[in-house]
Amino acid sequence: MNNTLTKLSEFKNNSTFQVLEYDDLRGGSDVKTAFMLSYMRDANIKLRQLRIVLQGGGVYTEPNALSFMRGPIEVSTNTGGLMGLSKKFVSSKISGEPVIKPLFKGVGEILLEPSFGHYAILQLEKEEIIIDDELFFAAEDTIDISVTTMKSISSALFGSEGFFQTKLSGTGIVVLEIPVPETEIFKYSLVDDVLKIDGSFSILRTAGIQFTVEKTTKTLIGSGFSGEGLLKVFRGTGEVWLMPTKVVYDKMLSQGMPFGVGGMDNLVQEPGFHKDHDKNRNGEKEK
């Protein structure tokens, strides 16, 4: 078979990580699916898939992320014995994020489930990053995956990230599934500096960055009148990732599309819809 995929990016370490993109989807077998595929094609929405080539090393993935694999690859979990399993179980229950990840080890290739999402590949060198819980997708087994707590009550109560986040540390490759293209992410390098944002669009920070939530003015009442309220504050030396365009996408999803935008995918609904719609348009009552 000749698969029409484009390799968007590739990182090599003990294993090779590739982000593949399907050039086009032509599998529509009914009118509604075909029209939706056409609309996605016009909007340049592409399907992507992560391919991992193992050469004797191991990788962790999100649970249930496997699509298929080839070669002598063994699958286990990162429980670390009975005590390790207990700690990870407690951490998982507290944070809401499954800390126990499937571990794939051997020689061959793994392809994870395709998605319309976006991926960012990082190569850590004795580094530590803290990310939102839902971003983790895969990592080499040289990376330690754990849970970290918020350092201040204000950040836990008002930071929208909750009391716990995922911490990745060590040396190796990490893959994140991110809500927006990496080209729309602002990667700020801070050197004894302060970064303040109004909103929930920070997704990553390095270990040298302290995170708090603070009032925009000296008093809470003053913050309310200023129209800004509370700000997320990042202090120290390190890197912070922001995705300001996500706010726009969220508004688009919440507001929805006007009737007729997108064509037949708005019209093809339950049987009888067209008949009832025509009656309403002619001023007749629905039965």
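- Around NZ of Lys12, the count of heavy atoms belonging to other residues, nucleotides or ligands within 6.0 Å does not exceed 12.
- Contact annotation: the side chain of Ile209 never approaches that of Leu195 to less than 4.5 Å [non-hydrogen atoms, C-beta and beyond].
- A donor-acceptor contact shorter than 3.5 Å is absent between the side chain of Thr148 and the backbone of Gln165.
- A pairwise comparison of heavy atoms in Ser189 and Glu239 identifies OG-OE1, 3.6 Å as the closest pair.
- Under a 3.5 Å cut-off, the side chain of Ser254 and the backbone N or O of Asp250 do form a donor-acceptor pair.
- Expressed to the nearest 0.5 Å, how far CG of Leu103 lies from CD1 of Ile73 amounts to 11.0 Å.
- The distance from atom CD1 of Ile129 to atom CG of Leu176, rounded to the nearest 0.5 Å, is 5.5 Å.
- Here the OH atom belonging to Tyr249 is positioned 14.0 Å from the CZ atom belonging to Phe201, to the nearest 0.5 angstrom.
- Shortest non-hydrogen contact noted between Asp132 and Ser202 is OD2-O, 3.5 Å.
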Could you go through Lys187 and Glu182, starting from their C-alpha distance and side-chain angles, then the distance that decides it, and tell me whether this counts as salt bridge (charged side-chain N to carboxylate O under 4.0 Å, His left out)?
CA-CA 10 Å; Lys187 301 176 182 179; Glu182 192 173 357; 2.5 Å; yes
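- Under a cut-off of 6.0 angstrom, the local environment of CZ in Phe11 is crowded, with over 12 non-hydrogen atoms contributed by other residues, nucleotides or ligands.
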Assess the residue pair Ile130 and Leu204 against the criterion (side-chain contact (heavy atoms from CB on, under 4.5 Å)); give the C-alpha distance rounded to whole Å, side-chain angles, the decisive distance to 0.1 Å, and a yes or no.
CA-CA 6 Å; Ile130 299 170; Leu204 178 151; over 6 Å; no
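- Under the 4.5 Å side-chain criterion, counting only non-hydrogen atoms from C-beta, Thr16 is in contact with Glu10.
- Within 6.0 Å of CD in Glu74 there are 12 or fewer heavy atoms belonging to other residues, nucleotides or ligands.
- One finds a salt bridge joining Glu109 and Arg70 here, because a Lys/Arg side-chain nitrogen approaches an Asp/Glu carboxylate oxygen to under 4.0 Å.
- Enclosure of atom CG in Asn64 is not indicated, since only 12 or fewer non-hydrogen atoms of other residues, nucleotides or ligands lie within 6.0 angstrom.
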Go through the steps for Val59 and Leu54 under the test side-chain contact (heavy atoms from CB on, under 4.5 Å), then give the verdict.
CA-CA 8 Å; Val59 296; Leu54 297 177; 3.8 Å; yes
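- Note that OH of Tyr22 is 11.5 Å distant from OG1 of Thr6, once rounded to the nearest 0.5 Å.
- Contact detail for Ala138 and Ile52: the closest heavy-atom pair is CB-CD1, 4.3 Å.
- Few gaps surround NZ on Lys46; more than 12 heavy atoms of other groups in view lie less than 6.0 Å from it.
- Ile45 and Tyr39 fall into different hydrophobic clusters, where Ile, Leu, Val, Met, Phe, Trp and Tyr are joined by side-chain heavy atoms under 4.5 Å apart, directly or via other members.
- When side chains are defined from C-beta on, Ile197 counts as touching Phe234, because their heavy atoms get closer than 4.5 Å.
- Looking at every heavy atom in both residues, Leu66 comes nearest to Glu113 through O-CG, 3.8 Å.
- Phe137 pairs with exactly one of Tyr119, Phe17, Tyr60 by the ring pair (Phe, Tyr, Trp, His ring centres under 6.0 Å) rule, that one being Tyr119.
- Residues Gly170 and Ile143 share a closest heavy-atom pair of C-CD1, 4.0 Å.
- In the hydrophobic clustering of ILVMFWY residues, with side-chain heavy atoms under 4.5 Å counting as a link, Val53 and Val107 come out apart.
- If you take NZ on Lys7 and CG on Leu20, they are separated by 8.5 Å, rounding to the nearest 0.5 Å.
- To the nearest 0.5 Å, atoms CG (Leu124) and CD (Glu140) are separated by 10.0 Å.
- Considering only heavy atoms from C-beta on, Leu50 comes within 4.5 Å of Val175 through its side chain.
- The closest side-chain heavy-atom distance from Arg48 to His118 is below 4.5 Å.
- With salt bridges taken as basic N to acidic carboxylate O contacts below 4.0 Å, none links Lys32 and Asp30.
- In this structure, Ser76 and Lys105 have side chains that are not in contact, with every pair of non-hydrogen atoms separated by 4.5 Å or more.
- Contact record, Ala139 with Phe136: CB-CE1, 3.6 Å, taken as the closest heavy-atom pair.
- Judged by distance alone, the side chain of Thr142 and the main-chain N or O of Thr171 form a donor-acceptor pair under 3.5 Å.
- Taking hydrophobic clusters as Ile, Leu, Val, Met, Phe, Trp and Tyr residues chained together by side-chain heavy-atom distances below 4.5 Å, Ile121 shares a cluster with Leu8.
- Contact annotation: the side chain of Val75 approaches that of Met69 to within less than 4.5 Å [non-hydrogen atoms, C-beta and beyond].
- Ile185 and Val19 fall into different hydrophobic clusters, where Ile, Leu, Val, Met, Phe, Trp and Tyr are joined by side-chain heavy atoms under 4.5 Å apart, directly or via other members.
- Side chains of Lys246 and Ser200 form no contact here, defined as non-hydrogen atoms less than 4.5 Å apart.
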